[in-house]
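See below for the structure under consideration.
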Amino acid sequence: MFADELISCLREMYPGGYSHTCRDPFYMLVSTVLSQRTRDEVTIPATKRLFAVYDTPRKMAEADAEDIQALIRDVGFYRVKARRIVEISRIILQDYGGVVPNSMEELLRLPGVGRKTANCVLGYAYEQDVIAVDTHVHRISNRLGLVKTSGPDETEKELEKVVPKDAWKDVNGLMVLFGQSICRPTSPRCEECRLKAICPRIL
DNA sequence: AAAACGGGGGC
DNA sequence: GCCCCAGTTTT
């Protein structure tokens, strides 16, 4: 299967792409940190509860981490995430004048921000051509035989070779939607998948 | 390279 | 009750 075939197929399946609550860089950064190792059904409501109280880097920076913890108790790793969100906000306020940085190098200096989170901010909020590789993207790319890789960093490099550049920023959202509904981590719904005729079903 | 962080949902 | 999950940091 060729990557551009898969991408156009996924675009037909999910015409609007992934529907983000908000593409503001700070909202994208905080919501993406909250989403780490945690399902959407939990993180989306929790992020909305959080921003209903603290809607700017300044308010978040001045917040008590324990008050933030109380708002996101159902999110995985909520204690460390609450502390990191306060620290991230302080750095953005003090070092970047309240504006989320727009380079990989600067984003990686923020606590709790790795390549996946940084690429979500760069791709979704700043519209840069990057591929955010999470477990969905890594699993689906290998399951479909698009790449043969052992880790997310390697997957990112290999996908950049086979995916048309104008689709890079959409790969994550499309594969997350596909991975949540059809090509799930365990017990994928192959019978209702429109790719079943050409899928090698690796994994 | 492996462990640790962690509550929620599927089975 | 057990296993896995929109990762990142630490050992």
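Proteins come first, then strands; the chains are lettered A, B, ... in the order of their sequence lines, and each starts at number 1. On a predicted model such as this, the values are computed, not experimentally measured, just so you know.
- Within 4.0 Å (heavy atoms only), Val80(A) reaches sugar-phosphate atoms of the nucleic acid but no base atom.
- A salt bridge is defined here as a Lys NZ or Arg NE, NH1 or NH2 lying under 4.0 Å from an Asp or Glu carboxylate O, and Glu127(A) with Lys169(A) fails to meet this definition.
- Nucleic acid contact for Tyr124(A): none, since no nucleic acid atom lies under 4.0 Å from a heavy atom of the residue.
- Leu110(A) comes within 4.0 angstrom of the backbone, heavy atoms only, and of no base.
- Comparing dA6(C), dG6(B), dG7(C) by their closest approach to the side chain of Gln36(A) singles out dG7(C).
- dT8(C) and dG9(B) have their P atoms separated by 23 Å, given to the nearest Å.
- Between dT9(C) and dG8(B), the two C1' atoms lie 23 Å apart (nearest whole Å).
- Contact annotation for Val113(A): backbone-only contact, meaning every heavy-atom pair under 4.0 Å involves sugar-phosphate atoms and none involves a base.
- The 12-atom threshold is not exceeded at CZ of Arg58(A), counting heavy atoms of other residues, nucleotides or ligands nearer than 6.0 Å.
- Picking from dA6(C), dG6(B), dG8(B) the nucleotide with the shortest atom distance to the side chain of Ser35(A) gives dA6(C).
- Backbone-only contact: Thr135(A) has heavy atoms under 4.0 Å from sugar-phosphate atoms and none from a base.
- Under the 3.5 Å distance criterion, with hydrogens and angles disregarded, no donor-acceptor pair is assigned to the side chains of Asp170(A) and Tyr18(A).
- Taking atom P in both dA3(B) and dC4(C), one finds a spacing of 14 Å when rounded to whole Å.
- If you check every strand for non-hydrogen atoms under 4.0 Å, Thr117(A) touches sugar and phosphate atoms only.
- When distances run from any side-chain atom of Asn172(A) to the nucleotides dA6(C), dG8(B), dG6(B), the shortest one goes to dA6(C).
- With dG7(B), dC11(B), dG8(B) as the choices, the nucleotide that has an atom nearest any side-chain atom of Arg184(A) turns out to be dC11(B).
- Here, dA6(C) and dC11(B) have their P atoms 14 Å apart, quoted to the whole Å.
- In the set dA6(C), dG6(B), dG8(B), the nucleotide with an atom closest to the side chain of Asp74(A) is dG8(B).
- Residue Gly114(A) is classed as a sugar-phosphate contact, given heavy-atom separations below 4.0 Å to backbone atoms only.
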